[in-house]
Amino acid sequence: MSVAQIQKQRVPLARIRNIGIMAHIDAGKTTVAERMLYYSGRTHRMGSVDDGDATMDWMDQERERGITIVSAATTTTWRDHRINLIDTPGHVDFTVEVERSLRVLDGVIALFCGVGGVEPQSEVVWRQAEKYAIPAVAFINKMDRVGADFERVVAEIEERLAARPAPVALPLYEGDQFVGVLDLIAERAVYYTDETLGATYHDEPIPQREQERFEHWRAHLVQEVSEADEQIFEKFCMDQPVGGGELRTALRRATLNRRIVPVLCGAALKNKGIQRLMDAVVEYLPSPQDLPPVIGLRSDDQTVERHPTREDHLAALAFKVVTDRHVGRMTYVRVYSGELAVGSYVYNATQGKSQRVSRLMEMHADHAESRDVLSCGEIGLVVGLSETTTGDTLCAEDHPMVLEAIEFPAPVLSISIAPRSQSDKQKLGAALRHLSDEDPTFTVKHNTETGQTVLSGMGELHLEVLVERLRREYDLHPEIGSPAVAYRETITRPATIDYKHVKQTGGRGQYAHVVLLIEPLKPGEGFEFRNEVRGGRIPKEYVPAIERGVLDAMAAGVWADSPVVDVAVHLLDGSAHEVDSSEMAFGICAREAFRRGFIKGRPQLMEPVCSINIITPEQDSGAVTGSVCVRRGRITNMETRGGTQHVHGMIPLAETFGYATELRSLTSGRGTFDLRFEHYEPVPRNIAEQIVERLRA
């Protein structure tokens, strides 16, 4: 059956696969996706990341930089199965794209470099997939590279990811040339034909020189599956042979239960091993009907289930919003049950609003194909949901429910932005709203005290890409300020403050009196407010105004004009005036009381600290570790791998600006690093005072 035929017809749920590709940066995700599209007949030429013409990297910036920035969705077919594929970014700055993609996917291809192995971002995306309990198959890429070590990478998957890898294919070499794979289930050697770009291949009996290695790994595969499947366990114990068909079936059961991760290998750039990977997607990863019902909440907080059938009531999740200058606002949705049809009205249970579906589309990177209906198990794009945002639930109005929303990490890096002219002001505001709608980890705030508009994101590259989009897509050239770190403030000891706000202006005056106890909380505990006033000394109607006043002071910051975190505020006592007291007076009083009490509590500045992972030539490791220590960082681990030194440590985010240039200088351009926000830590007092002086200047 052709791609076009399967695209147009309704495919049984059992033959649908919603999968993503996740990996560390430069592991070859986009190259693998390009080969999958080519071999399945979706495209007729292979795009190249290096040449800047990859189908899945459709943004100009992606092609110029050679990295994936936004997740790209497409649909293709393999063995009469419809495969909805999402290629996700590998750079930590664009983790939002991985998070929201994994939230709606059923299975995932975890890609690893045969030389680099399990790299830092590999661990991050693996943990993200674990959070959503997504079954995975692993593909070890770049087996043609010098230094590639299949068995080492398999061991790292087991040790670092706490997974149960089960190789189903082994790399096959002739001399030092990677020529194909040994299929442990079919018990054949598979050779790929270079002249046909790997589109054709043939299999032969296992070469005699590989017989011992093959038998060892097939026995290992049977043993691994037997520990997860009773039927294979019986045969294993009785030393009976296990056929390929029953091994495949048992391996599928174990994979769906997340007890085993099938491991394949290949070299995407050299067009080897991709067809076996696509077979594994069909054979081992789940279809929508293999999944349990989705669970949501009704308005009365009672749970409700939706089953993966087209006959059940509609339940869909909006997981991404994009804005097109010609089409307008478009929303990516995953349909979990029921059907979504053009012209129908859907109920946004998160927002409590009904909206009309004006168009439905199926995406192929940046190209859209119209659809009349999106059915259960499908991923598509909806036009017309102008008030729907990322994480909203779409359902039938007479059967409302809210699905679990998507959690995103908080931004840690900020820059200031200002329009170059007054005429650009409104245009800039609209563009920033569009970008923040698309990316929940990108926030826009206006600081009323300084008059600055502040953009916050996940890192320097993240913000750099967004500013470049303003220039290219919206023809805006704003003035950009230096990056600023998102500091936090807290206190280190309890403080009590007794404060009166009295103002007489000739008419009705202002009177409010509060006694507050401010205490530090443990990191991450946030904010607590407790009303402990007795005897009605402060009327109850003024207590919410007091809490709002405290929250206003916390948001604006006290010592360093940075948000206050991890404090408890106890309202102990106070007084009110019959005539002059008001909500406004108590709000002003609480705000000033908190500010004064906070200073008495010995303020402490908190800064974001990141884990840093550096890959450097061994001869430069001394200079690299020294550079980390000079920047107030600390080394936690070092290991030698494949002729390179892997340095792991922790470093304040404020000390990482410009580090890419320094690392390139120290390593003659060969060193790389990535950062991941971990937590907040206190800033040393002497440095904190300098920072506070600068922030308040």
Side-chain angles (χ1 to χ4, degrees), residues 410 414 443-454 456 486-606 680 692 695-696:
S414 302
T443 63
V444 183
K445 293 183 180 178
H446 184 71
N447 189 321
T448 55
E449 293 187 13
T450 64
Q452 283 188 323
T453 297
V454 178
S456 300
Y487 291 102
R488 301 287 185 264
E489 302 177 30
T490 191
I491 55 173
T492 56
R493 64 188 180 195
T496 302
I497 185 71
D498 186 330
Y499 180 74
K500 285 184 181 179
H501 171 69
V502 182
K503 188 175 182 182
Q504 196 67 41
T505 58
R508 179 176 175 177
Q510 294 181 16
Y511 178 90
H513 172 212
V514 298
V515 180
L516 301 180
L517 167 63
I518 308 173
E519 291 183 317
L521 295 176
K522 293 179 181 178
E525 290 191 352
F527 168 67
E528 290 182 10
F529 181 84
R530 298 174 187 167
N531 178 17
E532 299 174 9
V533 176
R534 299 291 180 265
R537 289 178 56 78
I538 298 178
K540 289 184 178 180
E541 61 264 28
Y542 296 143
V543 173
I546 295 171
E547 184 175 359
R548 285 197 301 272
V550 169
L551 289 171
D552 288 344
M554 290 177 62
V558 180
W559 186 42
D561 295 337
S562 299
V564 175
V565 296
D566 302 329
V567 295
V569 176
H570 304 255
L571 178 58
L572 302 179
D573 200 0
S575 60
H577 189 276
E578 293 182 348
V579 177
D580 292 345
S581 291
S582 64
E583 290 188 5
M584 183 179 72
F586 271 99
I588 295 171
C589 181
R591 190 160 57 245
E592 185 59 29
F594 181 85
R595 293 177 64 87
R596 296 186 181 205
F598 188 86
I599 295 299
K600 289 177 62 178
R602 189 174 173 82
Q604 186 174 67
L605 192 65
M606 309 290 288
Y680 275 84
V692 170
L695 291 174
R696 296 180 66 88

Are [X] and [Y] close enough that some pair of their side-chain heavy atoms sits under 4.5 Å apart?
X: D580; Y: Q510; result: no
X: E592; Y: I588; result: no
X: V543; Y: F529; result: yes

Verify the distance criterion only: is there a donor paired with an acceptor across the side chains of H513 and D573 at less than 3.5 Å?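 Judged by distance alone, the side chains do not pair up.
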Using the six-membered ring wherever Trp is involved, compare the ring planes of Y542 and F586 and label them parallel, tilted or perpendicular (cut-offs 30° and 60°).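 The arrangement is parallel - the two ring planes meet at less than 30°.
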Let me confirm one number: the [atom1]-[atom2] distance from [X] to [Y], rounded to the nearest 0.5 Å.
X: I497; Y: L572; atom1: CD1; atom2: CG; value: 11.5 Å
X: L521; Y: E528; atom1: CG; atom2: CD; value: 5.0 Å
X: E547; Y: M554; atom1: CD; atom2: CE; value: 10.0 Å
X: R596; Y: Y499; atom1: CZ; atom2: OH; value: 4.5 Å
X: N531; Y: H570; atom1: CG; atom2: NE2; value: 11.5 Å
X: L517; Y: E519; atom1: CG; atom2: CD; value: 4.5 Å

Where do [X] and [Y] come nearest, in terms of heavy atoms and distance?
X: A495; Y: G597; answer: CB-O, 3.3 Å
X: F594; Y: V569; answer: CE1-CG2, 3.8 Å
X: V564; Y: F598; answer: CG1-CE1, 3.5 Å
X: E583; Y: E541; answer: OE2-O, 3.8 Å
X: P520; Y: I491; answer: CB-O, 3.2 Å
X: A590; Y: L516; answer: O-CD1, 4.2 Å

When you measure from the side chain of [X] to the backbone N and O of [Y], does any donor-acceptor pair fall under 3.5 Å?
X: E489; Y: A560; answer: yes
X: D566; Y: G524; answer: yes
X: T490; Y: V565; answer: yes
X: S562; Y: G557; answer: no
X: R537; Y: S575; answer: no

Is the number of heavy atoms from other residues, nucleotides or ligands under 6.0 Å of E532 CD greater than 12?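 Atom CD in E532 is packed in, count exceeds 12.
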